[in-house]
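Note sheet for the following structure.
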Amino acid sequence: MRPGLTSDLVELTSQHIVLVVSAMAIAIAMGVPAGILLTRRVAWRRPVLTVANVLQTIPSLALFGFLIPLPLVGGIGPRTAIVALVLYALLPIIRNTLTGILGVDPAVRESAVAMGLTARQVLRQVELPLAARTILAGIRIATVTTVGTATIAAAIGAGGLGVFIFRGVASVDSVQILAGAIPAALIALISDGGLGWIERKFAA
Amino acid sequence: MLRFAQAGYRVNGREILHGLTFDVAQGKTLVLLGRSGSGKTTALKMVNALILPTSGEVIVEDRATTKWNPIELRRRIGYVIQETGLFPHFTVAQNVAVVPRLLHWPEDRVDARVKELLTRVGLPPEEYQSRYPRELSGGQRQRVGVARALAADPPILLFDEPFGSLDPVTRHEVRCEFLALARDLGKTILFVTHDVREAVLVGDEIALLCNGNIEERLPASEFSKAISQEGQSFLACLS
């Protein structure tokens, strides 16, 4: 071990986790309600999903670059990175929320309405619990992708494990590259496993 | 109790129901008998305001469905459908308890009611209450559906081909139990079916629905005297 590597490792890993957790929290807070809204607004589905799809096709380095000059969301640092990560995470969350709710048996929904549940009660007691597994699968996919994409955030000065990777690439130092790549892969595996476990809890 | 007054339904320029007029007396069972596409399910859904008439009105307990708060109205009407619509993530007991809980009954009363109803529909609570719908047979699921519809003791019950997906033997059993229960409880019932035998068996009266019109209405015991063409077609199935 080189001097300083361990303390860097702790600091950059925690930066990385903060990036991912903040981006995911915002993406879930936006994506799930957006998905629910789309189940009620048929006309909005195609345009919203198209925009989210297009966002996903923009290469991540380019998206980070595009955001820098923008006021409010732009600039150098973690804020811009989180905005970009949120944009990437939205599509799987919105899409799975939509599919999950639309997949609820129409007879179940109809009998819920016919028993006198209000629209909100139908959503909370019937649609969301029955769609939970699909929604969680979307969140899991988005989280794993975000852990990887967040390494590129270092390019715009947002910190995180990408710092090791960029530094390692610049100095042709594979130890540095691995010091970034291995913890990133571990975070991805752990979050995938953990979220997968929660998902199976809803398998009933 | 329940009255259709020139209640019509038109959607996309197509007339599904042409101003139906009929009533169901307190405590009686009226069967709407008709082929697929005759509009019988549409008529049924007008009672609990899942569908509102585009002309005329449907009057439940002296008030038009358009004047009711739909949520309040639906909690006073039990609804049983062929697919049961049981909540797959709720246990049998939780399914039966849905409406009582919506009405904020105290928990001990809900619990007692669930046990009472499961016993009535032939599912001993200690054995069945914590099962999930997927762990039940079709006939058992339908029994839970009936218990759920009865849970808050609604004055009106709606049945949409409730026994249609059951095998003939089970269908006969559940149907007979239902009949006994209905007579016991004195509910006002609107029952939709395409099965003329079922209609004769469960109904006090039969209204024959054809292309959105009531062709004929007669007591179930006198269905063999039906004179309309549609009535003749259905009678032909009996022989």
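As a basis for the values below, the full set of heavy atoms in this structure was taken, side chains included, without hydrogen atoms, waters or symmetry mates. Below, chains carry the letters A, B, ... as their sequence lines are ordered, and counting in each starts from 1.
Contacts of B:L73 with chain A are absent, with no heavy-atom separation under 4.5 Å from either backbone or side chain. Both the backbone and the side chain of B:I71 come within contact range of chain A, with heavy atoms under 4.5 Å apart. Proximity to chain A is limited to the side chain of B:R148, based on heavy atoms less than 4.5 angstrom apart.
B:M1 CE: more than 12 foreign heavy atoms inside a 6.0 Å radius. Around atom CZ of B:R3, no more than 12 heavy atoms belonging to other residues, nucleotides or ligands sit under 6.0 Å away. Residue-environment remark: CG (B:N69) exceeds the threshold of 12 foreign heavy atoms within 6.0 Å. Other residues, nucleotides and ligands contribute at most 12 non-hydrogen atoms within 6.0 Å of the CZ atom of B:R35.
Listed by sequence position, A:A107, A:V108, A:E110, A:S111, A:A112, A:V113, A:A114, A:M115, A:G116, A:L117, A:T118, A:Q121, A:Q125 are the residues of residues 88-125 of chain A in contact with chain B, using a 4.5 angstrom heavy-atom cutoff. By a heavy-atom distance cut of under 4.5 Å, not one residue of residues 144-166 of chain A is near chain B.
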